[in-house]
Structures are given as C-alpha cells and as structure tokens.
Amino acid sequence: MSRTKFLLSEDQLPTTWYNVVADLPKPLEPMLHPGTRQPLTPDDLAPLFPAELIAQEFSTERETDIPGAVLDVYRQWRPSPLVRARRLERALDTPARIYFKNEGVSPAGSHKPNTAVPQAYYNKQAGVQRLITETGAGQWGSSLSLACQYFGLVCEVYMVAVSYRQKPYRRGLMETYGATVTASPSEHTEAGRAALAADPDSPGSLGLAISEAVEAAVSSGGTAKYALGSVLNHVLMHQTIIGKEAQLQMELAEDFPDIVIGAAGGGSNFGGLALPFLGEQLRGGRPVRAVAVEPASCPTMTEGRFDYDFGDTAGMTPLTKMHTLGHDFVPPSIHAGGLRYHGMSPIISQLKEFGFLEARAVPQTACFEAGVTFARNEGIVPAPESTHAVRAAIDEALVCKETGEAKTILFSLSGHGHFDMQAYIDYFGGKLTD
Ligand SMILES: *Cc1c(COP(=O)(O)O)cnc(C)c1O
C-alpha cells in the first residue's frame with residue numbers, strides 16, 4: 001500500500017521548541033531602543049510583554065520546554081498531518097515527491113495558534129488581564145482571540161480598516177471567540193487620531209494598526225500587554241513545533257526533503273517548518289534547500305534593504321536589523337493580507353544574508369492558479385498566503401519533470417482559504433492584478 005498521510009500519535013507530540021539562535025554562526029545584531037538607539041535591554045520590553053516571553057526573545061538556549069497547559073491545547077489539533085500530494089504529483093506528471101504539512105487543521109484555520117496559545121498562557125501566568133493586538137487579514141486576530149478565551153484573558157484587536165469592511169466573516173469569527181474588534185485607524189489612540197485627521201477615509205495599514213495596539217497596551221497602566229503574531233524570535237521559536245513534527249513524519253515516510261518551502265510574510269510559518277531542518281544542517285547534518293516565497297507586490301527579502309528599521313508606522317517599536325521596504329511602505333491591497341508587511345523576521349533575514357536560504361517573489365495571479373490546481377487535486381483550498389508556497393512547490397516539481405530528477409519537496413500549507421473565497425471569486429472573474 002502506498003501511504004498518503006503520515007500521522008503521529010498524541011504521545012509523539014514534541015515537548016520542546018527549537019531556537020536556531022543557538023546554532024547561528026554569528027549572533028544576531030541587537031535590537032535598538034527607538035528613542036536612544038542603544039541596544040535594547042529586557043527591561044525596555046517589559047511594558048509590552050511578560051517576563052517569560054522577553055526571556056525567550058533574548059534566549060540563546062537550543063531547546064525550551066513547552067508548558068503542559070500549552071501541550072494540552074496543542075493536542076486539540078496537533079500533531080498536524082504530513083500529507084503526500086499524490087494526485088498533484090500525477091497531475092503534474094513529475095517524478096518529484098511532494099509533501100505538505102497541513103496547518104489548516106487548527107481551529108482558527110492556520111499555523112498562528114501555535115504561538116497565540118503560548119503567548120496567552122505566559123501572559124496569564126504573569127497576571128495580565130487583557131491582550132491587545134492588530135490584525136490584517138484576520139488570521140492572527142482570530143488565533144489570539146481563541147487563545148485568550150482558553151486562558152481567560154480579554155482580547156482587543158485593531159483590525160486594518162479595509163479588512164474590517166471587506167472581511168466581515170473574519171471579524172465575526174473573532175467576536176465568536178469573544179474578542180472586541182476595532183477598525184484601525186480609530187479614535188482610541190493618538191496614532192489613530194493623527195491618521196484620521198490626515199485622511200478620514202484612511203484604509204489603514206498593518207504598520208499603523210501595530211502602532212495603535214502598542215500605544216493602547218503601553219498606556220494601559222500595566223493591566224494590558226501587547227502580542228505580535230510573527231517576526232519576533234519567540235514567535236518563530238513557538239512555530240518550530242511544525243518542523244519538529246515534520247522531521248519525525250519524514251522519518252515515518254522514510255524520506256528526507258531536498259527542498260523546504262514556505263510563504264513568508266513575517267517569516268513565522270516558513271521558519272517554523274524550515275528552522276529545525278536548517279538547525280540540523282548548521283550542526284553538520286544533512287543540508288536542505290530552504291526557499292521563502294513572498295508576493296512580487298511586497299518583495300521584502302528580494303528587493304528590500306538589510307538594515308535597522310521600525311516594526312510599525314509611527315516608530316514606536318524597537319529597531320530591528322532585518323530586510324525592510326521601509327516602515328512607511330504601504331503595500332498594494334493584494335488578497336494575501338498576511339504577506340503585506342514591510343519587514344521580515346531578523347532570524348530569517350540574517351539566515352538569508354548568511355546564504356542559508358533563498359528568497360523568491362511570485363506574482364499574485366500565478367499563486368491563485370497554483371492554489372486552484374492544488375484544490376482540484378488535493379481537495380484543500382489553500383489560504384491566499386499559502387498559495388505562494390504551493391506555487392513554488394509546483395514550480396520545483398516542474399523543474400524535476402524537465403530534468404527527470406526525483407527530488408523530495410516539502411512545503412508548508414500554512415492555512416485553508418475558507419474565509420477567503422472572495423479572493424478566488426475575484427481571480428475567476430479576472431479582477432486580480434499582480
Ligand atoms: C499570517 C499568515 C502567513 C504569513 O505570516 P508568516 O509569519 O510569514 O507565517 C502565511 N499564511 C497564513 C495562512 C497566515 O495566516
């Protein structure tokens with residue numbers, strides 16, 4: 001029998017997260033304080049995050065134990081399936097073996113609960129009552145809403161105004177999970193009021209929504225903290241549960257990936273899958289080709305500069321050394337909202353500078369074309385973000401068809417697209433631009 005799904009039992013769920021910082025050939029450049037431009041200290045982050053998450057942000061330990069209460073929640077949907085895309089392989093007539101790690105099986109429909117759950121847990125442990133965040137397409141906001149609900153925290157989400165209006169179902173999901181959702185820019189914050197004064201119909205942006213959420217948390221007098229769904233070191237570390245499972249599952253499949261692929265917005269699902277494999281390589285193990293895929297309309301790694309920049313529009317966050325298009329860059333409103341961010345994880349940026357990974361930019365319509373091919377063969381409708389990984393996986397498989405090489409391709413299916421059907425409708429209607 002030729003197997004299609006490689007499943008781990010619940011007792012095979014990994015119990016530690018992996019921190020690639022322990023294996024980097026050179027330390028990361030320090031974050032800088034936005035005011036003084038001096039290296040950031042853990043104390044500087046205390047208004048934003050609880051002590052345990054700050055410790056993880058600065059950690060150089062290779063493995064961190066996952067708390068039991070977090071593992072209990074993970075078990076609702078983890079270990080997630082590793083699937084061999086046999087019908088897709090046949091449709092492409094490729095000798096390549098294509099596997100995907102399906103993170104769309106989480107209750108919120110993406111990989112983002114992998115970090116939302118521990119972030120809510122550590123905040124609760126620290127006595128925090130409210131978590132404030134921003135969301136673009138709504139994937140992160142719905143994941144944090146759910147995680148806050150599990151741990152008895154109040155959740156407040158600043159949702160980019162244009163998404164707030166265009167994605168009522170995502171907003172409804174957040175409200176179902178118990179969160180309060182505010183369109184950004186809003187009258188609640190100085191950053192929001194300034195943006196509304198300049199343009200009362202402002203569509204908002206992720207960078208601006210981050211400014212609002214940070215300002216609201218900092219001015220809460222300590223009862224509320226802030227949470228970020230990507231980019232930061234602790235977020236990437238939480239996401240390595242994906243790659244740790246995938247390593248065990250590739251063993252079950254008696255195979256090993258030549259190429260590991262993920263869509264990259266801030267770098268967390270790509271890093272989550274690729275970093276455990278790259279870590280093996282950095283410690284002298286078997287090498288992999290890691291490919292991070294971004295939209296041609298927001299080409300952070302392929303065209304951005306590698307430099308210090310702010311994470312938000314108003315310049316309130318620490319400065320990090322990363323690939324950036326500039327903190328005032330407003331990307332066009334492509335459908336893959338989760339990939340519309342001006343910056344990139346410092347870890348992913350640094351690994352690219354070291355030459356340990358490749359970045360590739362792909363246009364939107366080619367991604368939807370790949371997403372439709374995937375859906376028609378594997379049944380799952382990928383999130384618009386995830387179609388970027390599907391596109392690159394299909395392209396690699398087509399190269400194998402040309403060369404006759406039977407390579408093993410592993411990609412991250414970071415989420416399903418059931419809340420994004422308007423994007424597919426627009427694609428079929430010929431309304432999408434690149
Ligand atoms: C948020 C999101 C992304 C992009 O974020 P990363 O931090 O780069 O992973 C990709 N896919 C889905 C489904 C998302 O929700």
Side-chain angles (χ1 to χ4, degrees), residues 80 100-116 119 133-146 159-160 163 167 170 173-174 206 209-210 227-243 260-275 290-295 298-301 311 322-323 331 334-349 351-352 357 359-362 367 371 374 380-392 411-420 423:
S80 71
F100 63 92
K101 182 72 167 150
N102 186 3
E103 291 297 308
V105 298
S106 84
S110 77
H111 66 292
K112 292 204 169 76
N114 296 334
T115 184
Q119 289 194 47
T133 196
E134 71 290 326
T135 198
Q139 292 271 25
W140 167 242
S142 42
S143 301
L144 192 71
S145 304
L146 177 62
M159 185 172 191
V160 177
S163 303
K167 304 207 165 192
R170 273 277 166 211
L173 183 61
M174 288 186 263
L206 203 53
I210 295 177
L228 189 65
S230 186
V231 179
L232 297 175
N233 298 359
H234 67 266
V235 175
L236 267 71
M237 185 181 84
H238 298 155
Q239 293 293 355
T240 60
I241 189 78
I242 304 172
V260 179
I261 297 170
S268 76
N269 86 87
F270 167 70
L273 179 64
L275 293 177
V291 181
V293 191
E294 59 188 17
C298 190
T300 313
M301 274 184 292
M322 60 181 177
H323 287 101
I334 56 161
H335 272 294
L339 305 180
R340 291 178 71 227
Y341 183 61
H342 68 271
M344 181 50 59
S345 144
I347 287 178
I348 300 301
S349 293
L351 283 167
K352 173 165 185 276
L357 58 88
R360 186 178 300 177
V362 285
C367 292
F374 186 80
I380 302 166
V381 179
E385 292 83 3
S386 312
T387 63
H388 290 69
V390 177
R391 176 75 265 165
F411 76 89
S412 165
L413 191 79
S414 50
H416 69 67
H418 292 179
F419 285 100
D420 304 284

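Just follow the structure's listing: the first ligand is 1, and inside any ligand the first atom is 1.
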Which N/O atoms of ligand 1 sit under 3.5 Å from a protein N/O, and at what distances?
unit_1	atom_1	unit_2	atom_2	d
ligand 1	7 (O)	S230	OG	2.5
ligand 1	7 (O)	S268	N	2.9
ligand 1	7 (O)	S268	OG	2.7
ligand 1	8 (O)	G265	N	2.7
ligand 1	8 (O)	G266	N	3.0
ligand 1	8 (O)	G267	N	2.8
ligand 1	8 (O)	S268	N	3.4
ligand 1	9 (O)	H111	NE2	3.0
ligand 1	9 (O)	S268	OG	3.2
ligand 1	9 (O)	N269	N	2.8
ligand 1	9 (O)	N269	ND2	2.8
ligand 1	11 (N)	S414	OG	2.7
ligand 1	15 (O)	K112	NZ	2.6

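Scanning for side-chain hydrogen bond (donor to acceptor under 3.5 Å, both in side chains) contacts around R170 gives Q139, S142, with sequence neighbours left out. Partners of A264 according to the side-chain contact (heavy atoms from CB on, under 4.5 Å) rule, which considers only residues two or more places apart in sequence or in another chain, are A292, M301, M344. Looking at residues two or more places apart in sequence or on another chain, you find a salt bridge (Lys or Arg N to Asp or Glu O under 4.0 Å) between R391 and E369, D395.
Of the possible donor and acceptor atoms, one in the side chain of N269 sits under 3.5 Å from a partner among the backbone N and O of A263. At least one donor-acceptor pair closer than 3.5 Å links the side chain of S349 to the backbone N or O of H323. A donor-acceptor contact shorter than 3.5 Å links the side chain of T300 to the backbone of Y341.
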